[in-house]
**Student:** 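The structure that follows is given in the form of structure tokens.
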Amino acid sequence: ALGARRDGPARGTASPARHPRPRARLGYRRRRTTGKVAAAASDDVLDEDDDSDDLVESVDDLDALFSMLAAQRRGEMLFAEEMRKPDAEVDFVRAAAFVAMHRRPELSRVEDAVEELDELAAELQKLLPPNEEDRFPLRTLKTISRFMFEDLGFRGDDETFYDPRNSCLDEVLARRVGIPITLSLIYMELAKRVGMPMVGVNLPSRFMIRPVVEDMEVLVDCFNKGEIVFVEDVEEMLGKFYSGAGNASGQNGDDASAPSSGPSEDPPSVQITIDRAFFEDNSVRPKQFFTRMLTNLKQIYFNDEAYADALRVVGYQAHCAPTAEIERFNRRDGGICLFLMQRYDECVEELNGYLEDAAAAAAAEDAEAAAATSEEREALASRRTARDRDRAQVTRMVHTALEQSKRLAAEKAVANTMEGKEKDEGDDDRDRLDDAETKKNERQRKDAADLDDKSDAFRIVEDATRNADDREDEEKE
């Protein structure tokens with residue numbers, strides 16, 4: 001649609017001459033609107049601290065502003081509609097593109113993303129044996145990895161990992177750069193279109209995917225150029241992660257810390273064993289998938305102090321929370337955003353709602369603890385400690401928000417009083433000026449009247465003098 005071809009060599013092995021790189025439909029920075037409103041929409045859209053005078057200079061700008069707001073809201077509503085579908089019917093590409101509308105709200109980019117993946121899958125199909133029976137699973141995975149990461153030049157962004165564009169499907173397709181979860185989404189969609197269904201594996205250190213193939217216990221690490229890894233490799237990676245060695249050695253993941261700037265000695269690895277039974281669960285879980293994607297985005301915006309953007313992401317999360325606990329935490333995070341944006345009244349409402357829901361959940365959990373085993377009770381006690389600490393922090397935030405709300409109300413009242421006093425003083429000054437003007441006008445009218453009276457008197461005297469002169473002349477004659 002946009003005809004933007006990526007230039008320059010791809011990272012890794014050069015593309016083979018037999019397979020030219022397909023053109024990217026979603027050319028980054030090619031689709032633009034004009035004016036200051038569009039500039040605000042492309043990055044920090046409608047920051048609460050923005051001065052509206054800088055955005056709205058005409059009726060056309062105002063119309064564009066409202067159109068952009070409507071488009072952003074439409075993205076969330078379309079995402080909510082997609083999440084209401086049964087899990088097997090959710091279109092992951094469209095849902096991810098709806099999420100990306102929080103940054104670039106043009107609805108046409110959704111269709112562009114779908115069409116581009118269809119076109120890329122058609123190119124991939126040419127590299128596979130025409131007869132599906134001849135497509136061995138492992139060989140097919142290797143072909144997909146080579147096509148995506150060598151021919152097309154997709155790669156993991158280990159330099160600016162926390163760039164929000166890495167979490168937006170349209171911009172990942174355009175820039176060929178992403179993080180594990182968005183690269184995995186593209187890989188899964190390409191694989192699905194050529195007859196290789198895959199599901200996500202929500203590991204704590206990195207999001208991976210695996211093929212839905214019987215007796216095939218492998219995963220694909222899309223952040224590492226589509227490397228095919230075995231369960232033992234994943235166990236080792238998780239052991240390093242839980243020991244802290246993964247982060248110390250710069251092992252990045254969707255929710256890991258930023259890589260360190262220098263080498264460090266790895267602590268002893270924790271022994272992790274993965275239950276192979278999880279390979280038998282081939283369920284598609286869109287709510288878990290998008291909860292992780294949105295949590296990444298929310299954390300990025302929090303770290304960047306872009307609280308208005310974080311609040312928009314919380315709005316999306318309200319439609320895909322897989323559990324009641326995550327739904328409560330999303331509500332809490334929304335209240336924190338409102339607090340940081342100094343919208344204290346709304347903050348108090350959200351956080352009090354969270355505290356009420358958390359108290360009800362805690363009471364239910366305590367009731368269940370009576371029938372729990374000693375090991376389960378120990379785990380529940382640990383959760384209760386964390387829960388109570390969290391509720392105490394939120395309660396303090398509510399009290400602070402109430403105090404700040406009262407302070408702002410008092411400041412507003414004082415400002416209104418001073419404004420009213422200045423207005424009254426201004427009215428008195430205007431009254432005094434009006435009185436002086438009235439008196440001046442009255443004097444002018446009186447002077448004019450006196451002048452008229454004097455003129456009449458002068459005319460009478462002149463007439464009498466003229467008449468006397470006429471009689472004198474007659475007598476002389």
Side-chain angles (χ1 to χ4, degrees), residues 11-13 136-146 148-150 154-159 161-162 166-167 177-188 191 196-283 285 288-289 291-293 295-296 299 375 379 382:
R11 182 176 177 179
T13 306
F136 299 104
L138 188 59
R139 186 176 300 174
T140 299
L141 289 177
K142 290 181 178 179
T143 301
I144 298 172
S145 295
R146 183 170 58 251
M148 180 170 169
F149 297 100
E150 295 181 9
F154 281 93
R155 63 180 178 85
D157 189 354
D158 50 6
E159 297 173 355
F161 188 88
Y162 298 104
N166 290 334
S167 296
V177 177
I179 56 176
I181 195 165
T182 46
L183 294 173
S184 295
L185 173 58
I186 294 171
Y187 194 110
M188 284 195 299
M196 172 70 77
M198 304 189 76
V199 294
V201 182
N202 209 12
L203 299 173
S205 60
R206 182 174 298 179
F207 191 90
M208 293 189 184
I209 51 179
R210 65 176 180 83
V212 182
V213 177
E214 188 176 358
D215 297 329
M216 191 175 185
E217 298 183 351
V218 299
L219 295 90
V220 178
D221 183 358
C222 291
F223 197 69
N224 193 21
K225 301 179 182 180
E227 180 185 10
I228 298 172
V229 297
F230 294 94
V231 179
E232 292 78 11
D233 300 323
V234 177
E235 290 173 339
E236 182 180 354
M237 183 188 72
L238 291 176
K240 291 180 179 179
F241 174 79
Y242 282 113
S243 68
N247 292 342
S249 58
Q251 185 185 68
N252 232 329
D254 286 46
D255 47 12
S257 303
S260 62
S261 57
S264 61
E265 185 177 350
D266 290 348
S269 178
V270 177
Q271 183 65 40
I272 298 292
T273 301
I274 295 178
D275 184 359
R276 268 49 172 186
F278 95 94
F279 282 103
E280 301 173 5
D281 183 6
N282 298 324
S283 303
R285 294 185 172 87
Q288 285 86 342
F289 179 91
T291 291
R292 180 155 184 165
M293 176 182 283
T295 299
N296 293 338
Q299 191 61 49
E375 190 174 304
S382 177

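Along the sequence shown, residues carry numbers from 1. Side-chain atoms are counted along with the backbone in the values below, which use heavy atoms only and exclude waters and symmetry mates.
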**Student:** Mark yes or no for whether T182, through its side chain, and N166, through its backbone, hold a donor-acceptor pair below 3.5 Å.
**Tutor:**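 Between the backbone of N166 and the side chain of T182 there is a qualifying donor-acceptor contact (under 3.5 Å).
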**Student:** Rounded to the nearest 0.5 Å, how far apart are CZ of F207 and SG of C222?
**Tutor:** 9.0 Å
**Student:** Please report the interatomic distance CE(M216) to CG(L138), rounded to the nearest 0.5 Å.
**Tutor:** 4.5 Å
**Student:** Does the D221 side chain pair with the main chain of E227, one donor and one acceptor, at a distance under 3.5 Å?
**Tutor:** no
**Student:** Does V220 reach the side chain of M198, with side-chain heavy atoms less than 4.5 Å apart?
**Tutor:** yes
**Student:** With a 4.5 Å limit on heavy-atom distance, are the side chains of R210 and L141 in contact?
**Tutor:**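 Of all side-chain heavy-atom pairs linking L141 with R210, none is under 4.5 Å.
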**Student:** Indicate the atoms forming the closest heavy-atom contact of I209 with S184, along with that distance.
**Tutor:**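 Smallest interatomic distance, heavy atoms only, reads CG2-CB, 3.7 Å.
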**Student:** Measure across I181 and M293 and return the closest heavy-atom pair with its distance rounded to 0.1 Å.
**Tutor:**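 Closest approach of I181 to M293: CD1-N, 3.7 Å.
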**Student:** Using a 4.5 Å cut-off on heavy atoms from C-beta on, say whether the side chain of V199 contacts that of S283.
**Tutor:** no
**Student:** So, for Y187 and I144, which heavy atoms are closest and what is the spacing to 0.1 Å?
**Tutor:**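 Here Y187 and I144 meet closest at CZ-CG2, 3.5 Å.
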**Student:** Could you check whether any side-chain N or O of S382 sits under 3.5 Å from a backbone N or O of A379, counting only pairs where one atom can act as donor and the other as acceptor?
**Tutor:**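 Here the side-chain-to-backbone pair does not exist.
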**Student:** What's the separation between atom OG1 in T140 and atom NZ in K142, rounded to the nearest 0.5 Å?
**Tutor:**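 T140 OG1 to K142 NZ: 11.0 Å, rounded to 0.5 Å.
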**Student:** Before you tell me yes or no, could you show the steps for V213 and M196 under side chain to side chain contact (heavy atoms under 4.5 Å, CB included), namely the whole-Å CA-CA distance, both residues' side-chain angles and the distance that decides it to 0.1 Å?
**Tutor:** CA-CA 8 Å; V213 177; M196 172 70 77; 3.9 Å; yes
**Student:** Step by step, would you call T291 with T295 a side chain to side chain contact (heavy atoms under 4.5 Å, CB included)?
**Tutor:** CA-CA 6 Å; T291 291; T295 299; 4.0 Å; yes
**Student:** If you apply the rule side chain to side chain contact (heavy atoms under 4.5 Å, CB included), what do you find for N202 with R285, and how did you get there?
**Tutor:** CA-CA 10 Å; N202 209 12; R285 294 185 172 87; over 6 Å; no
**Student:** Side chain to side chain contact (heavy atoms under 4.5 Å, CB included), that's the test. Do V234 and R206 meet it? Break it down for me.
**Tutor:** CA-CA 10 Å; V234 177; R206 182 174 298 179; over 6 Å; no
**Student:** For a quick test of reading the model, state the closest non-hydrogen atom pair linking L185 to F289 and the distance between them.
**Tutor:**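 Looks like CB-CZ, 3.8 Å.
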**Student:** Rounded to the nearest 0.5 Å, what separates atom CE in M208 from atom CG in N224?
**Tutor:** 8.5 Å
**Student:** Quick one: closest heavy-atom pair of S145 and G226, and the distance?
**Tutor:** OG-O, 2.9 Å
**Student:** Which pair of non-hydrogen atoms, one from R292 and one from P204, has the smallest distance, and what is that distance?
**Tutor:** NH2-O, 3.9 Å
**Student:** Between CG of D157 and CZ of F223, what distance do you get to the nearest 0.5 Å?
**Tutor:** 7.0 Å
